[in-house]
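Input: a single structure, listed below in structure tokens.
All values below were derived from every heavy atom in this structure, side-chain atoms included, with hydrogens, water molecules and symmetry-related copies excluded. All chains are named by letter (A, B, ...) in the order of the sequence lines, taking the proteins before the strands, and each is independently numbered beginning at 1. Model, not experiment: these values are computed from the prediction.
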Amino acid sequence: MITSIRGFNDILPPETTLWQHIEGAAREVFKVYGFSEIRVPVMEKTELFAKGIGDTTDIVEKEMYTFSDRNNESVTLRPEGTASVVRAYIEHRLCNMPCAKLYYIGPMFRYERPQKGRYRQFHQIGAEVLGISDPMSDAETLDMLLAFFKKIGLDDIELQLNSLGCKNCRPVYREKLKQFLSEKKEQLCDNCQRRIDTNPLRVIDCKSRKCVEVTDDAPSILDYICNECKTHFEEVKGYLYLFGAGYSINPRMVRGLDYYTRTTFEITSDKLGSQNAVAAGGRYDGLVRELGGPDVSGFGFAIGMERLAMLLKEGSGSTSHEAGIFIVCIGKEAETEGIRILKELRERSLRAEIGYHDKGIKGQMKMADKLGARFTLILGDDEISKREITFKDMKTGVQEKVDIEGIAERVIDEIAQVKKV
RNA sequence: GUGGGCGUAGCUCAAUGGUUAGAGCAUCGGACUGUGGCUCCGAGGGCUGGGGGUUCAAAUCCCCUCGCUCACCCCA
């Protein structure tokens, strides 16, 4: 048996309905906030990600699907969406727009060990605002994200906010923190002892109890960011209040991508297991320039579709099928008439299916039931000779013979009745 | 890359080292040849993940390997 590749999953019918619902809600909400969809390729030149994400990050160092194509060019399946969107923004001179508010939906690829909420092919809904540095934009975009979660009925989530400062003030804090950690090195977990030099910010985000205690009085980044960054952060908080968005400050939150500056955030849920962020993002003011574009700001986020679907499945399990019609035919003549009716119902946008002959009438009824049809239309010799059709309500079991002319109207009426209740 | 847990029918799971590896659900058929669900009866479906070893005898014990899963790491 040929199976799918490790970490690459099929999404099967009952669940695809949920996915469509999620995507539809995102499109609706993003639209009213003035965003437009952008579709970018799933593969890019490797250097785009190396430059954009940072070539010492874990993603670039060991998690990318990188190949040589037949021309010996190094290409990579995108591990995230922002770099591609920024590339397209520069390539097509979208900076000529007053500001670019773009969203995308699609698969991303990272070569990691799969676990709960983490897959090698996973899907993100992302949005980016390019060309605006105003803190109101941070708040507005966060408000949009929260509006989306509200729309799909997800509560029990928390918006955690932080500022990572800019390229001027972050290194100052980093040194200060390194100093602090070095003094307490022996008390940290093995992992964090190693991290003091490679990634000190990560230490204050460590979950091990030992490290949490030791870093309790560690310097906070919010005390070290420069005045400009501080002002920006304060204004973001002020605008969040105006938009009515709730949040909590988490000065220990760290992001894994190099491009983030100033505002960063995560939306978390305690129902996701170890991978507890359902969405995350932040500001990236140097990225466009870094990738060869104008010196403009950026702000964006990405939502993890698998994680979101996981949360929504926990809640309401409404699997009720749509009201549908199933046509049972006995004999060639009935079949001819049945197909005619089938076409008519479908042209009127009704969900209609027809039985296949090799099943017999019993088999066809069974199939109607399994498919969840609310009504069946039964056509046999009796009906054909009298120009009638048997109309059966599968829920109540009640059936009657009705005139074959105008059957479509009758069905539409009945379905309208059912939907009202 | 490093750990832990688990691999038995399509699915969920049974089976002290000892007959022919079982059950529920699902599938198909019958009771009910123009009527689904409910009930009853029956059928199909398995190299017990794969390979090696111990033993008179292995789903069961040992080793190797592959797969899944959770966690570390990292992240959506």
Side-chain angles (χ1 to χ4, degrees), chain A residues 1 3-7 9 12 53 57-64 78-82 105-127 145 189-192 194-195 198-199 202 205-208 253-257 260 264-269 272-282 300-311 326 328-331 334 355 358-384 389-399 401:
Chain A
M1 183 170 52
T3 57
S4 72
I5 300 169
R6 178 182 179 79
N9 300 314
L12 302 170
I53 299 169
T57 57
D58 276 23
I59 291 180
V60 173
E61 270 187 348
K62 48 191 196 200
E63 294 174 5
M64 293 207 302
R78 61 180 186 192
E80 58 110 39
T82 303
I105 300 176
M108 307 293 162
F109 307 86
R110 288 183 202 170
Y111 192 91
E112 301 176 88
R113 278 289 273 274
Q115 70 181 73
K116 185 173 180 159
R118 194 176 77 182
Y119 312 98
R120 288 184 173 178
Q121 175 175 332
F122 60 102
H123 298 78
Q124 289 186 332
I125 301 176
L145 183 57
C189 71
D190 294 350
N191 247 320
C192 286
R194 186 172 43 80
R195 282 196 280 221
T198 57
N199 195 351
R202 194 101 245 163
D205 195 33
C206 182
K207 290 161 205 148
S208 98
M253 195 185 69
V254 181
R255 307 271 64 232
L257 287 70
Y260 284 115
T264 55
F265 66 92
E266 275 181 12
I267 306 255
T268 56
S269 164
L272 282 172
S274 176
Q275 315 296 324
N276 68 345
V278 66
F301 64 75
I303 303 163
M305 292 269 281
E306 282 82 357
R307 293 180 189 180
L308 181 52
M310 205 186 295
L311 290 174
F326 192 92
V328 173
C329 303
I330 309 114
D358 54 357
K359 293 256 176 206
I361 185 167
K362 196 184 181 69
Q364 291 184 57
M365 288 302 289
K366 245 183 183 158
M367 196 162 173
D369 187 56
K370 296 252 167 59
L371 292 172
R374 179 58 202 267
F375 300 105
T376 31
L377 302 178
I378 302 162
L379 266 174
D381 298 340
D382 284 4
E383 287 89 349
I384 291 292
I389 193 162
T390 299
F391 183 87
K392 179 165 186 170
D393 184 331
M394 295 294 275
K395 197 169 175 186
T396 61
V398 177
Q399 66 181 52
K401 292 204 172 169

Return the value, rounded to whole Å, for the distance between atom [atom1] of [X] and atom [atom2] of [N].
| X | N | atom1 | atom2 | answer |
| --- | --- | --- | --- | --- |
| A:D369 | B:C32 | CG | P | 20 Å |
| A:M1 | B:G50 | CE | P | 12 Å |
| A:R374 | B:G36 | CZ | P | 18 Å |
| A:K366 | B:C32 | NZ | C1' | 10 Å |
| A:D381 | B:U33 | CG | C1' | 14 Å |
| A:M365 | B:G37 | CE | P | 9 Å |

Span that lies between the [atom1] atom of [M] and that of [N], in whole angstrom:
| N | M | atom1 | result |
| --- | --- | --- | --- |
| B:C13 | B:C40 | C1' | 25 Å |
| B:C63 | B:G24 | C1' | 36 Å |
| B:A21 | B:A57 | C1' | 15 Å |
| B:G29 | B:C72 | P | 49 Å |
| B:U27 | B:C68 | C1' | 25 Å |
| B:G42 | B:C25 | P | 14 Å |
| B:G50 | B:A58 | P | 15 Å |
| B:G30 | B:U35 | P | 13 Å |

Problem - Lys/Arg N to Asp/Glu carboxylate O, A:E266 vs A:R255, below 4.0 Å - result: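 Yes, A:E266 and A:R255 are salt-bridged.
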Problem - Check ion pair A:D205-A:R202 (N to O, under 4.0 angstrom) - result: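 The answer is yes: the pair qualifies as a salt bridge.
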Under a 3.5 Å limit for both distances, which nucleotide forms a Watson-Crick or G-U wobble pair with [N], could you say?
| N | value |
| --- | --- |
| B:G3 | B:C70 |
| B:U60 | none |
| B:C25 | B:G10 |
| B:C40 | B:G30 |
| B:U16 | none |
| B:C75 | none |
| B:C47 | none |

Problem - Nearest heavy-atom neighbours spanning A:E80 and A:I53 - result: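 Reported closest heavy-atom pair: CG-CD1, 3.6 Å.
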Problem - Distance-only donor-acceptor test, A:Q364 side-chain atoms vs B:U35 base atoms, 3.5 Å - result: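 Answer no: no donor N or O sits under 3.5 Å from an acceptor.
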Problem - Base B:G34 to side chain A:E383, donor-acceptor N/O within 3.5 Å cut-off - result: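 Answer yes: a donor N or O sits under 3.5 Å from an acceptor.
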Exercise for the section: Identify which nucleotide among B:U27, B:G36, B:G34 has an atom closest to any side-chain atom of A:D382, counting heavy atoms from C-beta outward. Expected result: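 Among the listed nucleotides, the one closest to the side chain of A:D382 is B:G34.
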Exercise for the section: Test A:I330 against every option in A:I361, A:D381, A:I384 by the side-chain contact (heavy atoms from CB on, under 4.5 Å) rule and name the one that passes. Expected result: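 Only one of A:I361, A:D381, A:I384 forms a side-chain contact (heavy atoms from CB on, under 4.5 Å) with A:I330, namely A:I361.
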Practice task
Using a cut-off of 6.0 Å, state whether more than 12 heavy atoms not belonging to A:D393 lie near its atom CG.
Solution key: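 Yes, enclosed.
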Exercise for the section: Tell me what A:E61 touches on the nucleic acid: a base, only sugar-phosphate, or nothing, going by heavy atoms under 4.0 Å. Expected result: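 Answer is nothing: A:E61 stays at 4.0 Å or more from every strand.
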Exercise for the section: Under 4.0 Å between any heavy atoms, over every strand shown, what does A:K392 touch: base, sugar-phosphate, or nothing? Just pick one. Expected result: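 Counting heavy atoms under 4.0 Å across all strands, the contact made by A:K392 includes a base.
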Handout entry: A:M108 and A:P79, any side-chain heavy atoms less than 4.5 Å apart
Key =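 A:P79 does not reach A:M108 side chain to side chain.
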Practice task
Check whether any side-chain N or O of A:K362 sits under 4.0 Å from OP1 or OP2 of B:G30, and answer yes or no.
Solution key: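 No, because none of the side-chain N or O atoms of A:K362 sits under 4.0 Å from OP1 or OP2 of B:G30.
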Going from [atom1] on [X] to [atom2] on [Y], what distance comes out if it is rounded to the nearest 0.5 angstrom?
| X | Y | atom1 | atom2 | result |
| --- | --- | --- | --- | --- |
| A:R113 | A:R118 | CZ | CZ | 9.0 Å |
| A:F301 | A:I125 | CZ | CD1 | 8.5 Å |
| A:Q275 | A:Y119 | CD | OH | 9.5 Å |

Fill in the blank from the handout: Counting primed atoms, P, OP1 and OP2 as sugar-phosphate and everything else as base, the B/S/- map of nucleotides 69-76 of chain B against protein heavy atoms under 4.0 Å is -SBBBBBB
